Structure formats: structure tokens, C-alpha cells
Amino acid sequence: MYIGVDYYPEHWPEERWSTDARLMQEAGFNVVRLGEFDWVNMEPEDGVFTFAKWDRALAALAERGLSAILCTPTAVMPAWVAHKHPETLALQKDGTRLTWGVRKNNCFSSGTYRFLSQRITRAMAEHFADTPNVIGWQTDNEFGNPFCYCASCRADFQHWLRRKYETLDELNRAWGTHFWGHRIQSWEEITIPDDATSHNPSACLDWQRHFSWMNVRFQHEQVEILRAGCPRHFITHNFMGLFPELDYYDLAKDLDVVSWDNYPVWGAPEVRYDSSMAADLMRGLLARNFWIMEQTAGPGGWGAYGRNPRPGELRNVCYQQLAHGADAQVWFRWRTCTAGREQYWHGLLGHDGRALRRYQEAAQTAGEYRTLEKALAGTTVKADVAILYDYDSLWAVRIQPGYGGNDYTTAVRRFYRALFRAGVNVDLIPPTADFSLYKAVFAPDLCVLPDALAEHLAAYVKRGGVLLSDCRTGVKDATGLCHERTLPGLLAPVFGIEIQEYDAVPGNVTHAISGRAPIAGSFNATLSTDWVIPGTAEVLASYQDWHLQAYAAVTRNRCGDGWGYYVGTVAKEDAFYDAVVAAVLASAAVQALVTPPAGVEVSRRQGPKADLLFLINHTEEPKAVTVPAGKTELLSGKKTRRELLLERFGVAVIQL
Ligand code: GAL
Ligand code: ZN
């Protein structure tokens, strides 16, 4: 198992390197990630490469048994690149170029920048291919910025559209350019839709896809060079969890392993739902375990710093990821830098370079991971429940939310959090996934529903699957045109309902809902109501207000061997989602092994030889959990009784 830190030897005198390497080894670390911002020192002048310093740094690390992941350094262009080739700097909407500095300054279609990126990648690949402790590569750093509005990006967009649509007739149809007289008569006429609140939504959706694709292409050009030059090394990229600008499924396709950067410690301690959801998405990108490439090591911030992780909390953050399928653990960063914008972004060591509390906690965690290593081998998260996570819908909703306050990721969160509280494992999956692997699929806010996807979902339900959808499902097709159908369109037989009208509800207005078994209770609807007319569906919740009394808030329908659940509104209460999720899980015959108390997270990793139950206390109070008795808790070595006590921020790993 790889455990270590992000290390910046270029920030410290060479005399310090051996001390750092020794302290890393003493902490039980065996890997470092390096080099992502040091292009200027590897190529100080156009086409002149010097790697001697990096050879010495790698050798100092090797002496302490530390393996290295090198990065292509293209996230920060050297000043000479910007100076000599100003067209490589991204052009902003106002027509001015980004000022060189900070990082991520480049235009992704610039031929010059792509050439320079490939050249430094090739030089590094050739130089480090046989360096004994180099094991892999990270492409660039956190792809996703900046957007660029230059002539080259515009031409690139035009070419991309031409390849996608082939004919102008098809482009005009797909974008619906008969509206507002927007018919395009030659590819060169196409502009960049630079305001997603007023341009044609179909054009905006394609522009977002094109930006994503440009990043993927940029990475691909580096990957091809690394694969040819360093066939023994693996390739990864450090993703950003729920970051919304790129189609992460696409970015992952070229990689051997997905890794991601997790920074959840900010305000008051709270249940870290989003870190779990992000982990489940990161595992879903390639449908396998992932790495943590940057993990919170202390207070972070570029100006003001955030909260210092409490004793036990750094370890807790790590276990949450381990429980969700992390196979490697790398902290960001080793030592807090004394210079630059990240002076207050703290590492395991402070400015003083001493191995103190945070270092000790990381070392303790590393030691524990070693004892778990054997049990963990070959295990991953097995889930009976999936949430469909779809970037097209995410983007389409962002471009045109429909009802105010509609946000795709927030919609997914409502159901994710209820599943988390229910204590069941969840996979986040792409729309192309095989749904038959799951007993239940949640597809919230699925605005973009191409016919083929609707047919797959319907077939899944007919064969016994349980599907849940909610407000405004399937309004649009793949190019962002509204379907010419009464909702829920092709899913009507699945849900047994018809939606002739719908209503946006201001966030400060609510409509009372009353539910009956299995979702008995009183709740409040807000933001949106689909005026759901039940057909074959059973009504599980209805509205009280006079104008909504004819309509259902929640329905359930038998379809073939499966069930279709439809939630026609957004409820204010968590309890509503807990009840709906419990009903779906019951229909799908999914049962949690452990029902956690509030603030405790449960996750399970299974493999051919092991079945591990993780319990994570996200609170500052001790928590008692009812668990299977007579099993071994691997961190203490003790046998479990029915009640297991987790200390504040405590964790347990039970071998089932
Ligand atoms: C990450 C980035 C690191 C560092 C860190 C703290 O997003 O990859 O290089 O900047 O944030 O700001
Ligand atoms: Zn550009």
C-alpha cells in the first residue's frame, strides 16, 4: 500500500532533503508525489532541459525507500513561455489575456502550448524512464481551468462541432436555431456562447462539452508520450471530487488509476457527506478503487486559514476515504512553505520543519494502515444501490435550472445523504453503466434523457429493478432540445403517472405534504411541484393546498417485475428523504447491516478473502453503535460485543 506525502524539494535547501526523507521513512511512508509546479527549473530556457537537481532529489528519497510519482509540470507555465508566446495565455471574455502568475493560465487549444506540453513531457519521460524509484505519473494538476475565448478556441469549437454534426443542417436542427433567427450558414459563423444565462442552451451545452474535451485531449497527448516512453509506469491525474466543469468519466478513460484531492476540514466539525459522495464518484469513474493524492494535513487557506484539524480528525478523514475504496494515502503537503501564496496552507510539518502533532497522527495512521494492509488486499466497496451521476444533466441544469434554486449536485445530495444515513453502500455511476448490477437506481434531476437511456432504465425496471426519479425528469434530449412529449415521456409506463403541468415555488413558500405508509408523516414541499396525475401508480404522499389536491407528491408503480418511484417535488425535511429512501430500499430488498446513529458513517469493503465493516464517528462526542457481536475489531484486536463504543472522531474496522 502506498502511503506518503506531496513533497516540494525545490522549496528547501538540498541539505534538508535527507532529514525530510528520514522523517518520512520513520513515519512509515513509502511514496512521494513531486514536480507538478517546477517546469521552469526543468526547462529554464526554450528547449534546454536540466534534470540534475531532480535526479539528486529522487536519489535522496530512494535512500529512504521512497518511491516517486512524477508530474507533468504543465499546470504552471514558466514566465518565459508567457513572455515569448503571449498567445498561450487564456483570453478572457472581456478580450484581455490572463495575467501570467498564479497557475492554470493556459489556453488549451493553443498549438504552441500543446507543443511545449508534449516536449517537456517527452523530455521527462525519456529522462526518468529508468530512474529506479519512479513508479508513476500524474498528468498536470487538477484540470478544469481556465476557460478561454480566443480565436484559436473558437476555431477549435467549430471543428469539434463539424466532426460531431457533420452537416450544418444537423447542427441547426440539434441547436434549434430556427429560434430568434439563429440559423448558421457556414461553420466559420459559429461564435462562442459566452453567457450561459442568455445564449442558446444547446450551444452552451456543446461549448461546455468542448471545454471538457479539450482538457481530455490535452491530457491524452501527454498520456500517449508517457505510455510510449515509460511503459512500466502507471498514469493518474488528481481529480477534485465533485468539481463540475469536466466530464470526469471522460478524463479518467485514459488513466490507470483515478486519484483525488480531499480538503474537507473548514468550519465547525460536521458529518462529511460530500467527501463520501466524492469518493463514491471517484470510485465510479473507472469502477475501481482510487488513490488519495492530496489529503488535508492541517489548516488550509490562501489568505485566511481554516480550522486546525482536531486531534484524531486527520486520521478520521483518512479512514473515511479508506472505507470508500482508497488504496493509497498521500497527504498534502509535507512541510508548510515559508514563501508564496500557500504560506498558510499547512502541511504535516509547520514552517519550523519539526515532526509534531500532525506528523505523529499521520505516522500513527500509516502504522495502522500497515496492520490492515493484508485484510484490505483485493477488497472494494460492493453496492446494491447506485446513483446515476450525469454531467450532461448537471450542465444542462446549470445553464437553465428550470425552477429557481435547481442545482444538480444538490439534488443528488438529498438522496445520497439519506442513503448515507441508512448505512448502505452506494456507487455513483455513469448513464452508460450496467444498471442490472444494482437492486435500486436513483436518478435525481435527470434533465437530459436521450431515448436510449430512457429505454435502458425502463428495461431495467421491467426486469425487476427499482428506479427513483424526481422533478422534471427527462425534459430534454441529448442536444438540449425539449422532448415533444408529455412528461415523464418514455418513462411513463415505469412511473404510471402523467405530468401535464408543473410549477416553480419560491424558496420561502411551502406546500404541506402528507404521506402515508411507507412514508407516513407531514412534510413541506418547496422550489418545484410537478402536478403529478397518478395513472396506475399508487399515491404515497399528497398535497394539502387546494390547487394541488388533485396531484400526487410521491408515487410508486409496479412495472414488470420492478418498481418505479416518482418524487414530484423538493421537500424541506431530511426525514422526508429518509422515509422515501427506506421505502425504495424495502422494495429493492436492500438491508443495511448496521443502522448507524446520527453522525456515524458505515461503509463496507469486500473481497474474496475479507469482508470489512468500517465505522466512522464524525462527531466530537463518543457514539455507541450496535454491531454484529463476536467479530474481530482489527485496530484493537478485540472481539466485538453487541455495542461498540466509538470515541470522538473514533473509527473501527470490523472483520465480518
Ligand atoms: C490543491 C492543489 C495543490 C494546492 C492545494 C492547496 O487544489 O492541487 O497544489 O494548491 O490545493 O491550495
Ligand atoms: Zn484559447
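As the structure is a computational prediction, the values presented were derived from the model and not from experiment. Here, residue 1 is the first one in the sequence, and each next residue gets the next number.
- Taking CD1 of I120 as the start and OG1 of T74 as the end, the distance is 9.5 Å to the nearest 0.5 Å.
- In this structure, Y305 has its ring center under 6.0 Å from that of H346.
- No side-chain heavy atom of R288 sits under 4.5 Å from any side-chain heavy atom of R283.
- If you look at H83 and W80, their ring centroids are not closer than 6.0 Å.
- Checking side-chain atoms of D195 against main-chain N and O of H199 turns up no donor-acceptor pair under 3.5 Å.
- Side-chain contact check for Q138 and S259: no donor-acceptor pair (N or O, by modelled atom type) lies under 3.5 Å.
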- [ ] Before giving the answer on salt bridge (charged side-chain N to carboxylate O under 4.0 Å, His left out), spell out for D407 and R398 the whole-Å C-alpha distance, their side-chain angles and the decisive distance to 0.1 Å.
- [x] CA-CA 7 Å; D407 172 73; R398 206 167 58 168; over 6 Å; no

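- D55 and H127 form a side-chain donor-acceptor contact under 3.5 Å, judged by distance and modelled atom types alone.
- Between the side chain of W302 and the main chain of E342, no donor-acceptor pair closer than 3.5 Å is present.
- No hydrogens or angles considered: a donor-acceptor pair under 3.5 Å links the side chains of Q295 and Q329.
- Residues R333 and Y8 are in side-chain contact: their nearest non-hydrogen atoms beyond the backbone lie under 4.5 Å apart.
- When all heavy atoms are compared, the tightest approach of P309 to T296 is CG-CG2, 4.3 Å.
- Taking the six-membered ring for Trp and the full ring otherwise, F128 and W54 have centroids separated by 6.0 Å or more.
- A centroid separation of less than 6.0 Å is found between the aromatic rings of Y2 and W291.
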Open item on the list: For a side-chain contact (heavy atoms from CB on, under 4.5 Å) check, start with the C-alpha distance between D156 and H210, then their side-chain angles and the critical distance, and finish with the verdict.
Closed with: CA-CA 9 Å; D156 206 287; H210 171 258; 2.9 Å; yes

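- A donor atom on one side chain and an acceptor atom on the other are not found under 3.5 Å apart for T88 and N106.
- Without hydrogens or angle criteria, D392 side chain to V448 main chain gives no donor-acceptor distance under 3.5 Å.
- Scanning both residues, G347 and R358, for their nearest heavy atoms gives O-NH2, 2.9 Å.
- Surrounding NE2 of H351 are more than 12 heavy atoms belonging to other residues, nucleotides or ligands, all under 6.0 Å away.
- Side chains of D280 and Y416: a donor on one and an acceptor on the other come within 3.5 Å.
- A donor atom on one side chain and an acceptor atom on the other are found under 3.5 Å apart for E245 and Q208.
- Once rounded to the nearest 0.5 Å, the distance linking CG of D427 with CD1 of I387 reads 10.0 Å.
- Around OH of Y344, the count of heavy atoms belonging to other residues, nucleotides or ligands within 6.0 Å does not exceed 12.
- For the residue pair Y263/E294, the side-chain donor-acceptor check at 3.5 Å is satisfied.
- Listed for the S110 side chain is a donor-acceptor partner under 3.5 Å among the backbone atoms of Y113.
- Remark: side-chain polar atoms of D470 are paired, donor with acceptor, to backbone N or O of D445 under 3.5 angstrom.
- None of Y391, Y389, W395 except one satisfies the ring pair (Phe, Tyr, Trp, His ring centres under 6.0 Å) rule with Y408; the exception is Y389.
- The structure places CE of M124 at 11.0 Å from CD of E43, a figure rounded to the nearest 0.5 Å.
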- [ ] Kindly determine whether R307 and E313 satisfy salt bridge (charged side-chain N to carboxylate O under 4.0 Å, His left out), including the steps that lead there.
- [x] CA-CA 11 Å; R307 182 165 63 81; E313 202 176 2; 2.8 Å; yes

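- Remark: side-chain polar atoms of Q343 are paired, donor with acceptor, to backbone N or O of T338 under 3.5 angstrom.
- Within 6.0 Å of CZ in R16 there are more than 12 heavy atoms belonging to other residues, nucleotides or ligands.
- Side-chain contact check for W175 versus L161: some heavy-atom pair is nearer than 4.5 Å.
- Taking each heavy atom of V330 and D6 in turn, the nearest pair found is CG1-OD1, 3.4 Å.
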Open item on the list: One pair to check against side-chain hydrogen bond (donor to acceptor under 3.5 Å, both in side chains): T112 and H85. What are the steps and the verdict?
Closed with: CA-CA 8 Å; T112 308; H85 307 288; 4.8 Å; no

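- Scanning both residues, C107 and C153, for their nearest heavy atoms gives SG-SG, 3.5 Å.
- A 4.5 Å side-chain heavy-atom check between S117 and Q222 finds at least one atom pair inside the cut-off.
- Under the side-chain hydrogen bond (donor to acceptor under 3.5 Å, both in side chains) rule, Q219 has a single partner from D254, D140, T72, T139, which is T139.
- Counted within 6.0 Å of CD on Q185, heavy atoms from surrounding residues, nucleotides or ligands total more than 12; the atom is thus considered enclosed.
- The cationic atom of R335 (NZ for Lys, CZ for Arg) lies less than 6.0 Å from the six-membered ring centre of W12 and within 45° of the ring axis.
- Neither side chain, N406 nor R472, offers a donor N or O lying under 3.5 Å from an acceptor on the other.
- For the pair N172 (side chain) and I184 (backbone), a donor-acceptor distance under 3.5 Å is present.
- Across all their heavy atoms, A504 and Y403 have their closest contact at CB-CB, 3.9 Å.
- L171 places none of its side-chain heavy atoms less than 4.5 Å from the side chain of T167.
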Open item on the list: Applying side-chain contact (heavy atoms from CB on, under 4.5 Å) to L70 and E36, what does each step give before you reach the verdict?
Closed with: CA-CA 7 Å; L70 288 172; E36 75 275 26; over 6 Å; no

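- Counting only heavy atoms from C-beta outward, the side chains of V31 and L66 never approach each other to under 4.5 Å.
- For H182 (side chain) and H178 (main-chain N/O), no donor-acceptor pair under 3.5 Å exists by modelled atom type.
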- [ ] Report the C-alpha separation of R154 and I190 in whole Å, then their side-chain angles, then the decisive distance to 0.1 Å, and conclude whether the side-chain contact (heavy atoms from CB on, under 4.5 Å) test is met.
- [x] CA-CA 8 Å; R154 179 176 171 189; I190 296 168; 5.9 Å; no

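- Using a 4.5 Å heavy-atom threshold, the side chains of C150 and R97 count as touching.
- When each of Y248, F143, W137 is checked for a ring pair (Phe, Tyr, Trp, His ring centres under 6.0 Å) with H237, only F143 meets the rule.
- The environment of CZ in R341 is sparse: at most 12 heavy-atom neighbours from other residues, nucleotides or ligands sit within 6.0 Å.
- For the residue pair D20/W334, the side-chain donor-acceptor check at 3.5 Å is satisfied.
- The distance from the CD atom of E224 to the CZ atom of R122 is 10.0 Å, given to the nearest 0.5 Å.
- Using a 4.5 Å cut-off on side-chain heavy atoms (C-beta onward), C71 and N141 make no contact.
- Listed here is the closest heavy atom pair of T99 and N105: O-ND2, 4.1 Å.
- A donor-acceptor contact shorter than 3.5 Å links the side chain of T236 to the backbone of V257.
- Looking at S109 and S152, their side chains do bring a donor and an acceptor atom within 3.5 Å of each other.
- A donor-acceptor pair under 3.5 Å is absent between the side-chain atoms of S393 and the main chain of D390, judged by distance alone.
- Separation of the F157 and W207 ring centroids falls under the 6.0 Å cut-off.
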